[in-house]
Amino acid sequence: MVFLKKQIPLLIALVTGIIFIIQFFVPHPASQNLQAWVTKWISIVTGTALLLGLTSLIYLHYQKVKNKTTGWGFSLVVFLGVFISLMAGFLPTIINWLTPSPVLTAGMTKGSPLIWIFNNSIAPLQASMFSLIAFFMASASFRAFRIKNIQATVLLVSAMIIMLGQIPLGGLISSAIPDTMTWILTVPNIAVRRAILFGVTLGAIATSLKIIFGIEQSYLGSK
Amino acid sequence: MSNSKQSIHKRYRARWIIFALLAITILASLFIKADFPFPAAQVVQNVYDKIESLPAGSAVVIAFDFSPGAAGELEPMALAMVRHCFKKDLRVIGLTIWDAPAVPIMEDVIKQAATEYQKKDGLDYTLLPFKPGLIYLTMCQDFYLAYPKDYRDQPTRELPVFHGIKNLSDVDYVFDIASLSTIETWIAYGKEKADIELGAACTAVMATDYYPFLQSKQLNGLVGGLGAIAQYETLLQKKERAYQAMIPQSAVHLLIILLIVIGNLIYLKQRKKN
């Protein structure tokens, strides 16, 4: 069992990891075909993972309803949402199968029930959530943006220049405002972002190598 | 009332005053109509110039990689970009790598612009279905392997819009409109693998992340946030949603600056007192 649970996954990670590092740099048709074949598999696995995610979500909320944990009523809303969405997706297709000619618009095309749900609930709800950020930012900037020291003062002045530079009024006050904004974005910002990018990328390479060579095994469930 | 309760009450009151001020500012500014100059930043101008430089019939891939939550900020850019392509008689291939909810947004935007410029589905433009996973890699090798059919289940190989395109390298320009980290993946798997010319648009909060890629020429231009989109609309001489949104955005930015100043004056006064 240990062999199946540990050695086999480690071997798969080692072999596929090395193959696909080499594959990225080899333009031979055989190498390209291998990549196309694997990409198809990735699409299938990603699609299956979505199904797994749905199952996990339903199980989690079922447990909440069963144990009547705090806010279990919201879990019922989740069930209702999942049920309505599934029905909106499947019913038109089933009805179209049963009738000689299609009577309902199915799938993600315009006029289908799924698109109606999308336009009238998902889109406005997500937009509302996103819009709330403005309110919290305004409140947070009033309470937390303080000139406590030199660093905080530099941050505050930069933020104010960026905020003014992003709107037409900044340019109308003085052309120096958008120019200074561009300088902040293209000089200090790039320097810091590049440093972070290098750090993150080197970290990702190190972690990938650790996974490929079996040093990092947390993905197997071990600590 | 104890001191701590008083302090919490005071904090909540201040928060609600700020929320009310912000709501009033946004609502009031929606009624203001104004025309103002808004010169484009160089990074925005680069995207515009690239589209202008493409000869009629060139193929442009527009990736709609944004969620409905970011549609308020990025949909005007999608519309402006599709309009610009149609105005220049370019072929548009719309797709999404992010998620299925972007498909209806893509359909709405492309069809609106197609109606305005009398463009035909399959001939001047096409929409491709959502595909999860690293579909970029397959596109680099063979477009028809990645997308054998378009969103209407028509074989892509037979569509005139794909004439002369075998893989991603044959596309003249790729423009990613993103609210997530798809720009990086387009750079890694599209730009570097297929040597495509790549431009991008993103939300304002994400824009700072992509400036290093402009310097390294991995992105030819960047339209970051509603302000930059308004600049693009100004260049296109189609001042619409993003341009009109500049008045509420300006009002909110000014209010936040004012709040920061007031907050600091209170802070300095308290510090002096202590």
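From a predicted model like this one, the values you see are computed outputs, not experimental measurements. Basis for what follows: all heavy atoms, side chains included, without hydrogens, waters or symmetry-related copies. Below, chains carry the letters A, B, ... as their sequence lines are ordered, and counting in each starts from 1.
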Item to check | Euclidean distance, A:F142 CZ relative to B:I18 CD1, rounded to 0.5 Å | outcome: 5.0 Å
For residues 150-169 of chain A, dump all side-chain donor-acceptor pairs below 3.5 Å to protein atoms at least two apart in sequence or in another chain.
unit_1, atom_1, unit_2, atom_2, d
A:T153, OG1, A:N149, O, 2.6
A:S158, OG, A:V154, O, 2.7

Checklist outcome for this item: When the 4.5 angstrom heavy-atom criterion is applied to A:A144 and chain B, the contacting part is neither
Item to check | B:I260 CD1 to A:R143 CZ distance, which is reported to the nearest 0.5 Å | outcome: 13.0 Å
Checklist entry - Under a 4.5 Å heavy-atom cutoff, which of A:S141, A:A127, A:G170 has the most pairs with chain B? => result A:S141
Checklist entry - So which residues of residues 141-149 of chain B are in contact with chain A at a heavy-atom cut-off of under 4.5 Å? => result B:Q141, B:L145
Checklist entry - Measuring from A:L197:CG to B:S216:OG, what's the distance to the nearest 0.5 Å? => result 9.5 Å
Checklist entry - Heavy-atom distance under 4.5 Å to chain B: side chain of A:L172, backbone, both or neither? => result side chain
Checklist entry - B:Y211 and side chain to side chain contact (heavy atoms under 4.5 Å, CB included): which partner among A:T182, A:V187, A:T186? => result A:T186
Checklist entry - With only heavy atoms counted, which part of A:I115 is less than 4.5 Å from chain B, the side chain, the backbone, both or neither? => result side chain
Next on the checklist: I'd like to verify something: which residue of A:V45, A:L185, A:V192 has the highest number of heavy-atom pairs under 4.5 Å with chain B?
Outcome noted: A:L185
Checklist entry - What distance do B:D209 atom CG and A:I196 atom CD1 have between them, rounded to the nearest 0.5 Å? => result 8.0 Å
Next on the checklist: Taking salt bridge (charged side-chain N to carboxylate O under 4.0 Å, His left out) as the cut-off, I'd like each qualifying pair that reaches into residues 83-106 of chain A, sequence neighbours left out, listed once.
Outcome noted: none
Checklist entry - Going from CZ on B:R15 to CZ on A:F135, what distance comes out if it is rounded to the nearest 0.5 angstrom? => result 13.5 Å
Checklist entry - What residues form a salt bridge (charged side-chain N to carboxylate O under 4.0 Å, His left out) with B:D35, not counting sequence neighbours? => result B:K239
